[in-house]
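Below is one structure; the comments refer to it alone.
Chain letters run A, B, ... following the sequence lines, proteins first, then strands; residues in each count from 1.
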Number of protein chains: 2
Amino acid sequence: MAGVSVATVSRVLNKPTVVSKATRENVERAIETLKFVPSSSARAINSGRTRLVGALIPTLDHAIFSRFIDAMEVQLDASGLSLIVATTGYDADRELDKTKRLLNIGVEGLIVSGIARADGFQELVERHQVPVIATSCFEPDHGIPSIGYDNFQVGKDAVDHLRSLGHSNIAILSGPIADNDRTRGRLSGALTAGEAVQTVLEAELSFSSAAETSRKILTETPNVTAFLCLSDVLAQGALLYLSKIGVQVPRDISVIGIDDLPSSASFNPPLTSIHLPVVDMGKEAAAAITQWIEADIEPSSKKLEAEIRDRGSTIQV
Amino acid sequence: MAGVSVATVSRVLNKPTVVSKATRENVERAIETLKFVPSSSARAINSGRTRLVGALIPTLDHAIFSRFIDAMEVQLDASGLSLIVATTGYDADRELDKTKRLLNIGVEGLIVSGIARADGFQELVERHQVPVIATSCFEPDHGIPSIGYDNFQVGKDAVDHLRSLGHSNIAILSGPIADNDRTRGRLSGALTAGEAVQTVLEAELSFSSAAETSRKILTETPNVTAFLCLSDVLAQGALLYLSKIGVQVPRDISVIGIDDLPSSASFNPPLTSIHLPVVDMGKEAAAAITQWIEADIEPSSKKLEAEIRDRGSTIQV
DNA sequence: ACAGTGTTTGAAACTAGTTACATGAGTCAA
DNA sequence: TTGACTCATGTAACTAGTTTCAAACACTGT
């Protein structure tokens, strides 16, 4: 329609300066009238680039992951990369399926949660030669770079805080442990308190499950003076349950969480929690994978510091 | 390496039955040793398909959207479609930028929130000829199909509930209204109560902002007997604040929310809320865009019923 | 023995672009 | 006037596959 070759159209689209003004305007007019849109696939086939990054996360239905993904998406966007989200439902096999899917789509990098992978994952990634970064954990000796906090340390920090306040009858409220090395790490850290841990119970990551499990703890081990909840969702659920049945926090029972959700500071009482820098983690992970993809600079593992936010829900025993 | 033409390799990959067993195994062996991976872009260029769907949402940092996205992702996955998430931060211009990005990537469909779009959006999608479905609203007369609840009705249902309990001094706690036609719709519905609405205040979607705004309401209009919160986050924040300052809900003040987050049923007291079927909405929207993409069947707008969950936080005045 | 049929396979055209190279026109100084 | 040079543009090769068509071959029935 513009009476030029496809090469010239390509130039108008990519290096408009090398085309004479007259032809450029001709082509632009034709593009406008024809509502021409260049095919992304055809461009990708030439550049060998898709500018897509895949994120494999357990679920979005949990504030901690959605804030992380949100931060990643914003950071990647700044480098012209787009994020494909794939949820695995804490299931290692589903993670493997989704990994295949993402690699088939042609993602140029993968972000995963934790360090444990299903058999075959490593081979898949090697075959596609795609950068992988693990997050939500810090495991420098596992082959793939990890950017995150040390879950063992986090669990230990939480229990140490309780011990420093004199608690020696602690109940641990854990999230699901299956296919979840992050929670397992936290639990190991918490169990360094040894005898001081009276009981460990597993709950779903919901207020109702936290309430039910709190009830169980109080029935089975009524002498506990502190709840250590491995996620803030559980701690918030426990706080609500304890308040409902008239147990006063922290007077009767201290409660500490891990995550430090933004909402935790506004609870009654404000929840003491180990702050996990998930927003920073999202930014750092996104920046690292960008560097790796664009400049082939493999990042080294990076430990992000988690620190306690001592609020009103824990007290000297 | 297998001593065959590329055509035969292509056949082994796509229609293995038409290739003789001997050559097939030869090719498969070569694929294995070479760790050959077919290029997704080259495939896409032939099929004209990317199997990608884009979702434009205000933020993931809000349970209501992340649950919606989670449900969509699961449903799309079942049809072999993948989801690219783009967040707009409630900003119409950023939404337009992200739309361009998604269309350049080659998404085959778009899911958007609400019906109001920046200038130029319509032209962009028409140019790319991509199906678009609006969610979180029901606006059958706006050109693009919408799958969601009627925000006006939802706001009206909430205020009608309060009125039916005899409340005639109602405070409305709204979320941000800028670039958010969903909240505006709810507010219009709530304002049908006319004189009964004493005050309308806008808050950020956080517990702390909800607390601060609740404080303001009690100072400025101490005679209110009910809080109508246009999001559960605000209602939960209000509940926590009121409890902290010793105001009893529902004895002193009734509180009703909109969203019905899973956590709301476990609050103290359990929060009365208008249940919004976001998980169903995610599934329905995903199924509809799949049908549209795969079979060119344009869906008609669908209204999903929102219904009140009458719990303990509202009472006869 | 020969025609008809079915099975495999490769050659070549095709998808929609990018890019190296060549060509032709126009400008300018020797 | 001519050689040197720049500028703009087309030609054709190239990206990595899919698909159509035709050819080669084996097998069957007459």
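Between the CD1 atom in B/Ile297 and the CD atom in B/Gln291 there is a gap of 4.0 Å [rounded to 0.5 Å].
With 3.5 Å as the limit, one finds a donor-acceptor pair spanning the side chains of B/Thr87 and A/Glu73. Side-chain contact annotation: A/Asp77 with A/Ser82, donor-acceptor N/O pair under 3.5 Å absent. A/Asn151 and A/Arg186 form a side-chain donor-acceptor contact under 3.5 Å, judged by distance and modelled atom types alone.
Residue order along DNA chain C, read from the 5' end via each residue's closest nucleotide, puts B/Thr23 first among B/Ile45 and B/Thr23.
Among B/Leu13, B/Val12, B/Asn14, the one residue that satisfies the side chain to side chain contact (heavy atoms under 4.5 Å, CB included) test with B/Ser10 is B/Asn14.
The listed nucleotides are D/dA16, C/dT9, D/dA8; the one nearest the side chain of A/Ser20 is D/dA8.
Between the P atom of D/dT9 and the NZ atom of A/Lys21 lies a distance of 14 Å, rounded to the nearest Å.
OP1 or OP2 of C/dA16 has not a single side-chain nitrogen or oxygen of A/Asn46 nearer than 4.0 Å.
A heavy atom lying under 4.0 Å from DNA chain C marks the following residues of residues 1-11 of chain A, by number: A/Ala7, A/Ser10, A/Arg11.
Axis orientation changes by 60° from one end of the helix from C/dA1-D/dT30 to C/dA30-D/dT1 to the other, with each end axis drawn from 5 pairs and the value rounded to 10°.
Listed for the A/Asp259 side chain is no donor-acceptor partner under 3.5 Å among the backbone atoms of A/Ser231.
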